[in-house]
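These notes concern the structure reproduced below.
Note that the coordinates shown come from a computational prediction; the quantities given were computed from them, not determined experimentally. Throughout, protein chains are lettered first and strands after them, A, B, ... in sequence-line order, and every chain is numbered starting at 1.
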2 protein chains.
Amino acid sequence: MLQCMSLRIALLGLLTVSGPSSGYDLAKKFEKSVAHVWQAGHSQIYPELAKMTADGLLAVGAEGARGRKIYSVTPDGQAELRRWLLDHSPSTTTRSETALQSFLVPLLEPDEAVTVLRRMKTSAQAHLAELEELRAARNAIADPAGRWGMFGAYALDLGIRQTRGVMEWADDSIADVERRSGTA
Amino acid sequence: MLQCMSLRIALLGLLTVSGPSSGYDLAKKFEKSVAHVWQAGHSQIYPELAKMTADGLLAVGAEGARGRKIYSVTPDGQAELRRWLLDHSPSTTTRSETALQSFLVPLLEPDEAVTVLRRMKTSAQAHLAELEELRAARNAIADPAGRWGMFGAYALDLGIRQTRGVMEWADDSIADVERRSGTA
DNA sequence: GGTTGACATGTCACTCCTTACATGTCACCT
DNA sequence: AGGTGACATGTAAGGAGTGACATGTCAACC
């Protein structure tokens, strides 16, 4: 089993917090939460749930209306999740189109580079607004004292900091490009 | 052509800066530079170079010793790279194991969560040291006034900021977990 | 009764990426 | 002459991920 695991883990975590759920519900919740850190569509989720069931990490309860299958986490599944969190040092393999653009941007003329950097800043700004709205909604509704009250909260905080970092970086890089082209 | 493109673009950029190079040389340079933002092994690079040649983005010069093929960027290749940088808004699809761990960490007991967060901080620290050494080496050697002097420099700066951000986040999150478990 | 649209689950084809395997060249050492 | 090891280029098998397609249920509305 040298596979990536991450989708499995994400689903185990989500199912732990949600309690027994159907694939459809999981896919919807996934989209609104875990997808910020690990993307997957229903066409990947349904087969993975089936495989996880076959591997004993999940159990299928009664099938509800419209053929809904209700999954829940087995003890093996809990153990798998715990083990991954405690023992697995995450692989650092990056693959970010934004970072690639930032890498290559010096290949452009200064004014073009500034345009690209400004676009990056704008989209970071939009992303930041989205994340801060999410946090505001959390603070208004969620019960942070509950058993899983902080589920996703640290990741949200991290995302906000990283996005702010991108904005600051873009500002400084724009200034740097302009300084260099001014004195050239 | 709804493909990802990113590997193509990375190779075009690297080849633009390196000047005509063999696949082997590109793979080595790739590993030391672009791989920080987009990973790929030689088994992916060789076929991609062949495809890019077939698509007219690259041209093969004389074959050197030991069957070396010397690739160079064609005008079509330059245009492709420019177009991607100027017109392509990078997809925001995240997929980070670190972020996934940060997402799920509240599922653990407080002391376990602290352990995981400390590990994340340590590895961020190591990564930061690596990046700062890279920057020091750049500053000692590189000629930032040269045509491509800043190639990769903005990405390196971004990486350093992001990694510092992770460390700060880890510190604050550890403090938060400890505060919550103390008052619970 | 029929249409619409949200609910619900899946498959298929294709691209992307990783690991391991396979092949052959050339310089240098003994 | 033979061995070693860096150089150099590839292929193959399989897992991961994407987008489009396919199928069927059920409630509500007209």
Item checked: Atom pair distance, as rounded to whole Å: CD in Glu97(B) and C1' in dT18(C) -> 14 Å
Notebook entry, point to check: Roughly how bent is the helix from dG1(C)-dC30(D) to dT30(C)-dA1(D) end to end, in steps of 10 degrees, with each end axis from five pairs?
Noted result: 10°
Next item on the list: Round to the nearest Å and state the distance from Leu11(A) atom CG to dA16(D) atom C1'.
Entry: 14 Å
Item checked: Atom-pair distance (CD on Glu31(B); P on dT18(C)), nearest Å -> 13 Å
Check: Who are the side chain to side chain contact (heavy atoms under 4.5 Å, CB included) partners of Thr93(A), not counting sequence neighbours?
Finding: Ser91(A), Gln39(B)
Next item on the list: Any ring pair (Phe, Tyr, Trp, His ring centres under 6.0 Å) involving residues 74-99 of chain B? Give me the pairs, sequence neighbours left out, ordered by first then second residue.
Entry: Trp84(B)-His88(B)
Item checked: Distance, rounded to the nearest Å, where Leu100(B) contributes CG and dG17(D) contributes P -> 11 Å
Notebook entry, point to check: What's the shortest heavy-atom distance between Gly152(B) and Pro106(A), and which atoms?
Noted result: N-CG, 4.2 Å
Show the atom names and distances, to 0.1 Å, of all donor-acceptor pairs under 3.5 Å that link a side chain in residues 25-38 of chain A to residues at least two apart or in another chain.
from     : atom 1 : to       : atom 2 : distance (Å)
Asp25(A) : OD2    : Ser22(A) : OG     : 3.4
Asp25(A) : OD2    : Arg68(A) : NH2    : 2.7
Ser33(A) : OG     : Lys29(A) : O      : 2.8

Contacts table for residues 133-150 of chain A: side-chain donor-acceptor under 3.5 angstrom, sequence neighbours left out:
from      : atom 1 : to        : atom 2 : distance (Å)
Arg135(A) : NH1    : Asp157(A) : OD1    : 3.4
Arg138(A) : NH1    : Phe151(A) : O      : 2.9
Arg138(A) : NH2    : Gly149(A) : O      : 2.7
Asp143(A) : OD1    : Ala145(A) : N      : 3.1
Asp143(A) : OD2    : Gly146(A) : N      : 3.4
Arg147(A) : NH2    : Glu109(B) : OE2    : 3.3

Check: What is the distance, rounded to the nearest whole Å, between atom CG of Leu26(B) and atom P of dG10(D)?
Finding: 12 Å
Next item on the list: Starting at atom CZ of Arg95(B), determine the distance to atom P of dT15(C), rounded to an integer number of angstrom.
Entry: 18 Å
Next item on the list: Quickly work out the Leu7(A) CG to dG15(D) P distance and round it to whole Å.
Entry: 15 Å
Next item on the list: For the pair Arg164(B) and Gln125(B), evaluate side chain to side chain donor-acceptor pair (under 3.5 Å) and give the outcome as yes or no after the intermediate values.
Entry: CA-CA 8 Å; Arg164(B) 280 215 190 95; Gln125(B) 209 156 21; over 6 Å; no
Notebook entry, point to check: Is the shortest side-chain N/O distance from Arg8(A) to OP1 or OP2 of dG15(D) below 4.0 Å?
Noted result: no
Item checked: Rounded distance in Å - NZ (Lys51(B)) to P (dT11(D)) -> 12 Å
Next item on the list: For Arg83(A), enumerate each residue passing the salt bridge (charged side-chain N to carboxylate O under 4.0 Å, His left out) test, keeping only those at least two apart in sequence or located in another chain.
Entry: Glu80(A)
Note to self: Holding to side chain to side chain contact (heavy atoms under 4.5 Å, CB included), I want the full list of residues that pass it with Thr53(B), two or more places apart in sequence or in another chain.
What the structure shows: Leu58(B), Val60(B), Tyr71(B)
Item checked: Under 4.0 Å protein heavy-atom contacts per nucleotide of nucleotides 6-12 of chain C, with B for base, S for backbone only and - for none -> -SBBBB-
Next item on the list: Sequence neighbours left out, what passes salt bridge (charged side-chain N to carboxylate O under 4.0 Å, His left out) with Lys121(B)? Give chain and number order.
Entry: Asp171(B)
